[in-house]
Amino acid sequence: MGEEGSGDTVHLLCLAASSGVPLFCRSSRGGAPTRQQLPFSVIGSLNGVHMFGQNLDVQLNSARTEDTTVVLIVGLEELTNIRNVERLKKELRASYRLIDSFLGDSELIGDLTQCVDCVIPPEGSLLQETLSGFAEATGTAFVSLLVSGRVVAATEGWWRLGMPEAVLLPWLVGSLPPQAARDYPVYLPHGSPTVPHRLLTLTLLPSLELCLLCGPRPSLSQLNPQLLERWWLPLLDPLRGCLALGPRALPDGFPLHADILGLLLLHLELKRCVFTVEPLRDKEPSPEQRRRLLRNFYTLVATTHFPSDPGPTEKTEDGVRPAQMPRACYLVLGPGTGWQLVALQLGLRLLLLLLSPQSPTHGLRSLATHTLHSLTPLL
Amino acid sequence: MASPTLHDSRGGPDKLHGEPSSQEDEDSDSEDRTGDSGSCTSASSNDDDLEPEWLDSVQRNGELFYLELSEGEEESLLPETPTVNHVRFSENEIIIEEDDYKERKKHEPKLKRFTRILKSKKLLPKRYHKKSSNNDGPVSILKHQLNPKIGVTVHQRYKDVTVYVNPKNLTVTKAREQLKLLEVLVGIIHQTKWSWRRSGKQSDGERLVVHGLLPGGSAMKSGQVLIGDVLVAVNDVDVTSENIERVLSCIPGPMQVKLTFENAYAMKKETAQPKKKKKQSNANDLVKLLCGEAAEDIQQSVLVTPHIIMYLNLQLDSDSSKEEEILYHYPMSEASQKLKSVRGIFLTLCDMLENVTGTQVTSSSLLLKGKQIHVAYWKESDKLLLIGLPAEEVPLPQLRNMIEDVAQTLKFMYGSLDSAFCQVENVPRLDHFFSLFFQRALHPARQHLSASPSAQQYSAASSVLLDSLPGARWLTLPQEIKVELDTMLSDLEAADFAELSEDYYNIRRLYTILGSSLFYKGYLICSHLPKDDLIEIAVYCRHYCLLPLAAKQRIGQLIIWREVFPRHHLHPSTESDTDAFQEPEGRYFLLIVGLRHYVLCVLLEAGGCTSKATGNPGPDCVYVDQFRATLHRLEAVQSRIDERLASSTGPWLSCADWFLAGPRDKTDGLTTSPIISRLHGTSKAKTPPTCRRAIFSDYSFKTRKPSPSRGSGESEPGCEGEGIGLSPHTTPDAIPRQRESSGSEDSGTWLKASKKKSTLPNPFHLGNLKKELSEKELEIYNTMKLTSGPENTLFHYVALETVQGIFITPTHEEVAQLGGSVHSQLIKNFHQCCLSIRAFFQQTLVEEKKKALPGRDHADSSTPASSLSAVKEHGVLFECSPENWTDPKKSPPVLTYWVVGRLFLHPKPQELYVCFHDSVTEIAIEMAFKLFFGLTL
């Protein structure tokens, strides 16, 4: 499988490593899918490079050119046994939307952080109670309430889902076209890679969906409107309140410092994150730019300064625990823009902020500390 | 009164012994300076009349790489056995003339060798010869004669000193004491009570260490007895503290007495036997490396790590036989074969990615036997230079800097990569070049042989960053020294004296001196070269490890001569208008002359206004001699530069270990960290109990003013806990060495340091402190302090000045003075962090350059806005605690510090990297202003 970005064009190419047959190739330019494809010769060369290296026990991981173009060649373990390439290709078509949403400019960040995108509802406990009661009534352990791909509330069971699927399921729901209800077969890469489960979704309000992950029961017809009304009609107002939460993630009136243009809060153990670029919408930079800035900053922070698990990435040549632990870092962009980015890790929480140029650089850390403390009860 | 007799009997031979020997650098206490200089000049003046010894080493193409180590020079007096390590390159191979003198040294008694030396000089009196031949006792040799002309170092273990003793004088002083014959007769003070325990213990009596010399005593008059020497025998009778008085009392009347001493230096070496051995082998490693003959074990350890350099031809004929595209590759090891065999990948990637993305591939990463290897690419016309190194040894940003350096150096040396790689006769030279290169990359510690292990550690840690900085390491010197150096270099560059002037031979000059730069102990101290030339020369020197070599006193004579191709002169920027100075179509030569700690690099131009160079001219004796003469003249300044090195005048630094806060709750510490409390005006909020502990508590605690928080009962146990926790992991020899230095010659600086620390109390009580400091104190304080706030919180810094091509960073001496185990960890981390910060800045600079290009304002402007490719400041906050924290009950003390990098684009590109304690908010611009102010070549 190869991935490559050039400027703002991204190509995702999936090849059967053994035969070199392209399984699919998706491209996107500026965040939108395009039909532009890699030339066949390039595909052939990429495969050739991989094959050649494999024969010699060398695995090529990545290559870089001057303008940060990245070529990633990841030897993916073969998608089980490929019996019929053509059939596989057809089957893969079903996941194109999901794949494209990864390539495109998503409002979510879970693909990068491997943390579930969440929003903080104003009346969280009420929603949580209702959700638990509803789960009990339907006999499913895995229930969640999603607003445009972000988790508003979820049952204990849902939170216990393993890592790829916990991020992928909300993402999938968010990427599907709006429907009143769905019954969707899914494989869980971690929990159940071979046996499919059913993903039931019920739209309570536009873009607000109730998701159930279950086995053969209950059937979709069992979840009749009466049941839904009984449980959810009393909560109509809080649910309406959730609708606006989509991109904003934080409840209305949450006190954020006026310099904050974007925010990403991660809980490293619970694997949940809150991501928003909504504050001061009308100011420069645009939400897309803010998202990209924060995504890039997260990549930097996670790869160079705050390696997620200190074990393998940290050099322990001296045989002692790493004595120098990074706690915070900041970046001042420039010249011209002057936007500032700051990251702060406290315990299990990691906070990344995008700040306007007028914020004093030496005060970045205190601002981040305060923001993190005010956010701590929420996540 | 003793002197005449001394000269009569033994003085002659002794003096001659003294001649070749020289002063060891550490012992330059000048106590033993006596008027010997008169006789010294003879040897060196003889030198000038002889044909220069390097003349034979000049290759046919004119190049010369001649290195003579000072250690071997005593032997070079023996004409029949050339003993120095000569490195010379002949046509197709490197010939190392390293004789077996070391072998011989083992078997042959030292004395014999010396008699041979003397015989060869026809200076040995018969009497002496006879006596010595049947004497297996300690070798008689004078030690520590500074010979200003010859850089020789002789470490003899024993020395004989003949003094005149008159017991009759005793009657005068008899009344006072009866036992101290040693003091009264000989003038040597030995104090049993506080004898240096560590200098050696013997069961039967103590060793007689010279603790002091009595003014006017015969020992002092002889000028040959040093404090620290050990008296081992009197007239060949072994003595200890037990029997010395008895032995001395046997002296019947006025006579000459032979005292045999064990050298202070030799003894130190002995006590530190294992370390010294290691260091010496290391030292030899470097030399062997330079000689192109790496020691077996180095070779082995390097060979197992996969690494490769390849120069590939991209223009391939399909029918060409295999491996024809490889124009050069190194090394031949098995691990590297693998990388060689997958060159197809690199070729394909290079070709394909350029087609797809329109830009050139710069690097790729691959997994080889579970090890990640980075491969950097350097494409030039239709050739591709590849360097592959393991990721864990060399981070990617460093590798990319390295390949650029390699390409730059090779172009500087050969004009172009093609001419470097495509000529068969260059192959052995390139092999040598790259063996050095990989040694440097894979074992950075090997080539940094500083005096102390801490300095060595510092060099190794800092090389990650400093080796890739485009500049030379600058040492700021006091104005008067600078003027002196400038004058000397200007005089030299004027080339208008004696044989260099055109009038002398009435012919055109051979070369114009374009400029010169002078390095001392690896620091650039004076440069009259344009920035580009300076950088290229500095990179060349760095590559051939000349600067670490010069950092120790190891150069007896270094002469490097080669044609070079400075980019600045040969490829001037095309934009320059026609009115601008046109570079003459000349040829350029680099002459490097090294002597002791000095390395003088001179760029010469032939053609232009001087006569054109034809063929491959070798180094011209006249020029070499002039440069050497300049270096000799410079020795007058040496002591003052050393003074500067010893007493740091740069920004004042603090040691991280002083700042280790007491144990406290981690989160609590962060939330109530002073930075915040200050910002929010809640400075009165509860301050966590902290105490700072200096490693040398006995020094600092006495002088430190009691800081308010230390009054609280809680902090005391914390302090003690730290003391216990810290002591086992301070380097065992660090404390004694520090003490020693502070006790004796360095007391001045140490006093300053402790005084400094006295004004270094709790950072959390800023208000109180300000009141305590008087105006004047503050004033003094600010002159050397970089950080704001009342106390100095600066740990380390690197400042790069790109206009002049220099950077400044604390000297080895400054860092060594600070010591501290946590501090050295911090320094290592600082440099690694700066490397990644600098990678951002480099990208920013590339973007800026793109923007500056006129015809290229394409619609890419959206990319920098959202990518992080335009960064001007980047800071990382680290938290650290002492390693090996053994106390399970207490959490280790925590120190938080910032590493901040700042890029300045206007008015001229400058980079600043600082590391400071977290207690005070710092504004990088202000620090930069203070640092860069007055920093001029």
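Numbers restart at 1 for each chain; the letters A, B, ... are given by sequence-line order, proteins then strands.
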Intermediate values then yes/no, side-chain contact (heavy atoms from CB on, under 4.5 Å), B:Phe840 and A:Leu300: CA-CA 10 Å; B:Phe840 280 102; A:Leu300 159 76; 2.9 Å; yes

Could you state the interatomic distance from [atom1] ([X]) to [atom2] ([Y]), rounded to the nearest 0.5 Å?
| X | Y | atom1 | atom2 | value |
| --- | --- | --- | --- | --- |
| A:Gln345 | B:Leu877 | CD | CG | 11.5 Å |
| B:Phe346 | A:Leu60 | CZ | CG | 8.0 Å |
| B:Leu353 | A:Ser45 | CG | OG | 9.5 Å |

- prompt: Does A:Arg327 come within less than 4.0 Å of B:Asp918, counting only side-chain N to carboxylate O?
  reply: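 A salt bridge is absent here (no side-chain N lies under 4.0 Å from a carboxylate O).
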
query: Which bit of A:Leu364 comes within less than 4.5 Å of chain B, counting heavy atoms only: side chain, backbone, both or neither?
result: neither

- request: Go through the atoms of A:Leu372 and report whether side chain, backbone, both or neither lie under 4.5 Å from a heavy atom of chain B.
  value: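 Neither part.
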
Heavy-atom contact with chain A under 4.5 Å, split by part of B:Leu905: side chain

Expected output: side-chain B:Lys369 to main-chain A:Asp57 donor-acceptor under 3.5 Å: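 Not a single qualifying donor-acceptor pair exists.
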
Worked check of side-chain contact (heavy atoms from CB on, under 4.5 Å) between A:Tyr330 and B:Val900: CA-CA 9 Å; A:Tyr330 71 87; B:Val900 174; 3.4 Å; yes

- request: Return yes if a side-chain donor-acceptor contact under 3.5 Å exists between A:Arg64 and B:Thr362, otherwise no.
  value: no

field: Residues in salt bridge (charged side-chain N to carboxylate O under 4.0 Å, His left out) contact with A:Arg26, at least two apart in sequence or another chain
entry: A:Asp100

